[in-house]
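Worksheet: the structure to be examined is printed underneath.
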Protein chains: 2
Amino acid sequence: MTKPSSDPRHTLTLRDVSEASGVSEMTVSRVLRNRGDVSPQTREKVLEAARALGYVPNKIAGALASQRVNLVGVVIPSLSNMVFPEVMTGISEVLEGTGLQPVVGVTNYLPDREEKVIYEMLSWRPSGMIVAGLEHSDASRAMLRRAGIPIVEIMDIDGDPIDHAVGISHRRAGRQMAEAIIAAGYRRIAFLGTQMPNDHRARKRLEGFEEALAKAGLQLVDREFYSGGSALLKGREMTAVVLNRTPDVDFLYYSNDMIGAGGLLYCLDKGLDVPGRIGLAGFNGVELLDGLPRKLATMDACRLEIGRKAAEIIAGKASPGAKVELFPKLEPGDTIRPVSGQH
Amino acid sequence: MTKPSSDPRHTLTLRDVSEASGVSEMTVSRVLRNRGDVSPQTREKVLEAARALGYVPNKIAGALASQRVNLVGVVIPSLSNMVFPEVMTGISEVLEGTGLQPVVGVTNYLPDREEKVIYEMLSWRPSGMIVAGLEHSDASRAMLRRAGIPIVEIMDIDGDPIDHAVGISHRRAGRQMAEAIIAAGYRRIAFLGTQMPNDHRARKRLEGFEEALAKAGLQLVDREFYSGGSALLKGREMTAVVLNRTPDVDFLYYSNDMIGAGGLLYCLDKGLDVPGRIGLAGFNGVELLDGLPRKLATMDACRLEIGRKAAEIIAGKASPGAKVELFPKLEPGDTIRPVSGQH
DNA sequence: TATCCGGCTGTTAGCGCTAGCATTATCATG
DNA sequence: CATGATAATGCTAGCGCTAACAGCCGGATA
C-alpha cells in the first residue's frame with residue numbers, strides 16, 4: 001500500500017500536510033489561515049511541509065465548512081467597451097486589502113443571460129454582488145433579494161434599487177448636455193447611438209436629452225442607430241449618413257465616445273469647421289479621446305469612483321443610504337463652441 | 001420551533017425543497033441536475049417547489065461531494081488593451097455548450113500577482129486553466145503542473161509549455177514585419193513601444209524584428225519607450241519625440257496598434273506624407289484601426305482563434321500535440337508603401 | 001409461480017475542511 | 001504544592017451535497 005505522499009498523482013489534502021509535518025490537520029489549517037495560536041516552530045514545520053509538497057488548500061471544502069466565501073460577483077454587460085474595465089479597476093483596488101475577490105460575469109446586454117449569470121454566481125454563495133444597471137427580470141431581482149447578501153446595482157440611479165445603488169443619473173446627464181449645446185447656440189441637433197433595446201442607460205440619456213430640447217422648444221432633426229461592428233468605423237459611417245440626409249444639421253450628439261470619435265475624425269477629414277459649422281459630443285470620458293486631434297466634448301461617467309464606492313459597500317467599509325449619486329462633469333473639449341457672449 | 005421554510009432569512013437547502021415537495025433530497029438533487037431517472041410527475045412537483053421557494057443550489061457543496069468543478073481559470077495580464085476581451089470571447093464561445101464556465105484573473109503583467117492569482121484559482125479546483133504567456137515563476141509552473149488538470153498557455157509559442165500551448169510566434173511576427181518594411185525600401189527604422197519588463201511577447205517581437213534588420217545589415221536608428229497613460233496620446237507624444245530627435249527616420253514600428261494609431265494621427269496632423277516620406281506599423285489587428293483616416297499596417301494576433309482553440313483543448317474537444325501554432329497575416333494597410341518595382 | 005428486469009426512489013457514507021469546544025503542556029502565583 | 005491562567009494542540013461533528021448502491025414495485029418472461 002503506497003503512501004499518498006509517494007503518489008504524485010494523488011490530490012493533496014490537509015491530511016498529507018499534517019502527516020508530513022507531524023501535527024494534526026487542525027493545526028495545519030490554523031497555520032495556513034493564520035488564525036489562532038500556533039507556536040513558531042510548529043508554524044515553520046507546517047509551512048515547510050506544505051511548500052515541499054506543493055499543497056494548495058481546497059477552498060471548496062473550506063468554504064463549505066466555514067460558510068464563508070471570499071468572492072464578490074460582478075455582473076456587467078460587456079468587457080469590450082472600455083467602460084467596464086475601469087469599473088473593475090475601481091472594484092479591485094478597494095477589494096484588494098479585504099480578502100475579497102471579484103468574479104466577473106458578462107451578460108452581453110441580454111436579460112436572459114443576465115438571469116443565468118446571476119443564478120450561477122449565487123450558486124457559489126458569494127459574499128456580495130455588484131450588478132450593472134437597475135433593470136432586471138423579476139426572477140433576477142427575486143434571486144438577488146433572497147440571497148441575503150449585500151447587493152449593489154451600479155452605473156445608474158434612475159430607478160428603484162434592490163438594496164444599494166451607486167451611479168449617476170443618466171437622464172440628468174442627457175439633460176445637462178442638451179442644455180450646454182443649446183446654450184452654445186446650436187439648434188439643429190441630431191442623435192447617433194446604439195440600437196440596443198437593453199442599453200437602458202443610453203436610452204435614459206437620450207430621454208433626458210430630448211426632454212431638455214423640448215423644454216427649449218426644439219426637437220431632434222435626425223437620428224441614426226447602429227449595432228455591432230467597430231464603433232469607430234460605425235461612428236464615421238453614421239455621421240456620413242446623417243450629414244448626407246440632413247445637410248444643415250449643426251450638432252451631433254453620440255451615445256458614446258467611441259462612435260463620437262469616429263464622427264469627429266470623419267468631420268475633420270471632410271474639412272468641416274468644428275466646432276463652428278458643426279459641434280459634437282459623446283459620453284463616457286474615455287482615455288482614448290486624449291489622443292484625438294481635437295478633444296471631443298463628453299461627460300465623465302465616474303466609472304472608477306462607481307467601482308470604488310460599490311466595493312466599499314460590499315466590504316462594509318461604507319454604510320450609506322440606499323442610493324449613492326455621483327455627479328459627472330461636462331467636459332466641453334474642443335467640439336462645442338464657447339457660449340456666445342462670454343468668451 | 002419555527003420551520004425553516006417559514007423563516008425568510010434561512011438559507012435554503014435541498015432539504016427545504018425535499019420537504020416542500022415530499023420526496024427525498026436525493027430525488028430533488030437528481031431533478032435539479034437532470035441526472036438519473038425521475039418520473040415526470042415527481043420532476044414537476046420538485047421543480048414547482050424549488051421555483052416557489054426560490055431555491056438556488058449550493059455549488060460549493062455540490063462540487064465537494066462530486067469532486068467536479070465546472071470552472072476554467074483564465075489568467076491574463078490585462079483587460080484594458082482590447083486584446084484579451086477578444087480572447088475571452090473565443091473562450092466563452094466554445095465553453096458555452098460544455099457546461100464549463102470561465103473565471104478570469106488579471107495579473108497586470110506582474111509575476112508575483114500572477115503567482116497569487118494562479119494559487120487562488122487552483123484553490124477552487126477548476127477543471128482546467130488557461131494562462132497567458134509561457135513565462136512564469138518556478139512556483140507558478142510547479143503549481144500548475146501539480147494540479148493534475150489540463151493547462152493551456154496561450155498567445156505565445158516561443159518556449160516550452162507546461163502542458164499545452166496555443167499561440168503565434170512573436171519572434172517570427174517581428175521578423176516578418178521587418179522583412180516587409182525592408183522590402184518596401186525603408187531603411188531608417190525606429191521602434192516605439194511599451195517599457196514593460198514583463199511584456200515578453202512585445203519583447204520577442206522586437207527581438208525578431210531586430211534580428212531581421214541585422215540580417216539585412218540594418219539596425220534601429222532610434223527607440224522610445226513608455227509606460228502607463230492613454231496609449232493613443234502616448235503614441236502621439238513618443239512619435240513627436242522620435243521625429244524631433246531623429247528627423248530623417250523613415251519608418252516607425254510600434255509595439256501595439258493603439259500607440260501606432262496615435263502616431264498615425266500625429267503624422268497626419270503634421271502633414272507628413274504617409275507612407276511615402278514615412279511608414280508606420282503596429283501589432284494586433286484591433287478593430288479600432290478600421291475607423292482611422294488611413295489604415296495602419298499591422299499583424300493580426302489571431303486572438304479569437306487562440307481563445308477558441310485553448311477552450312477546445314480544455315473541453316477535450318481537441319487533443320492535439322503540445323503546441324498549436326497559428327499564423328498571423330500581415331496586413332499592410334495604407335501605411336507601408338507598395339514594394340518598389342511591383343505596383 | 002418463480003424469476004428477472006428496468007424504472008423509480010431512498011439510504012448510507014463520505015467529499016476536505018473548519019467552528020467550537022476539550023484537552024494537555026507550561027508556568028507563574030499565593 | 002495546589003491552583004488557575006494562558007498557550008498550544010487535538011477531537012468531534014458537521015457544512016450541503018452527490019456517488020454508489022440498495023430497495024421496491026409492477027409487469028414481462030419462462
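Each chain gets a letter, A, B and so on, in the order its sequence line appears, and its residues count up from 1.
When all heavy atoms of B/Val131 and B/Glu114 are compared, the pair lying nearest together is CG1-OE2, 4.0 Å.
Both B/Arg43 and A/Thr13 sit near DNA chain C, but only B/Arg43 has its closest nucleotide nearer the 5' end. Between B/Ser66 and B/Pro40, the residue anchored closer to the 5' end of DNA chain C is B/Pro40, taking for each the nucleotide with the nearest heavy atom.
Sorted by residue number, the members of residues 26-38 of chain B with any non-hydrogen atom under 4.0 Å from DNA chain C read B/Met26, B/Thr27, B/Arg30, B/Asp37, B/Val38.
Nucleic acid contact for B/Arg68: sugar-phosphate only, since backbone atoms but no base atoms lie under 4.0 Å from a heavy atom of the residue.
Between the CD atom of B/Gln67 and the C1' atom of D/dA20 there is a distance of 14 Å, given to the nearest Å. For the pair A/Glu25 CD and D/dT12 P, the computed distance is 12 Å after rounding to whole Å. Atom pair A/Glu19:CD and D/dG10:P shows a separation of 13 Å (rounding to whole Å applied). Distance B/Leu64 CG to D/dG14 P: 17 Å, rounded to the nearest Å.
For B/Thr42 (side chain) and B/Val38 (main-chain N/O), no donor-acceptor pair under 3.5 Å exists by modelled atom type. For the pair B/Glu325 (side chain) and B/Gly167 (backbone), a donor-acceptor distance under 3.5 Å is absent. In this structure a side-chain-to-backbone donor-acceptor pair under 3.5 Å is missing from B/Ser29 to B/Glu25. In this structure a side-chain-to-backbone donor-acceptor pair under 3.5 Å is present from A/Lys323 to A/Gly159. In this structure, the side chain of B/Asn70 does not engage the main chain of B/Leu100 through any donor-acceptor pair within 3.5 Å.
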Requested in this report: Mind running salt bridge (charged side-chain N to carboxylate O under 4.0 Å, His left out) on A/Glu312 and A/Lys317 for me, showing each step along the way?
Outcome: CA-CA 5 Å; A/Glu312 279 167 9; A/Lys317 281 185 185 169; over 6 Å; no
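In this structure, a donor-acceptor pair under 3.5 Å is present between the side chains of A/Thr27 and A/Ser24.
Extent of DNA chain C lying under 4.0 Å from chain B heavy atoms, first and last nucleotide in 5' to 3' order, is C/dC8 to C/dG16.
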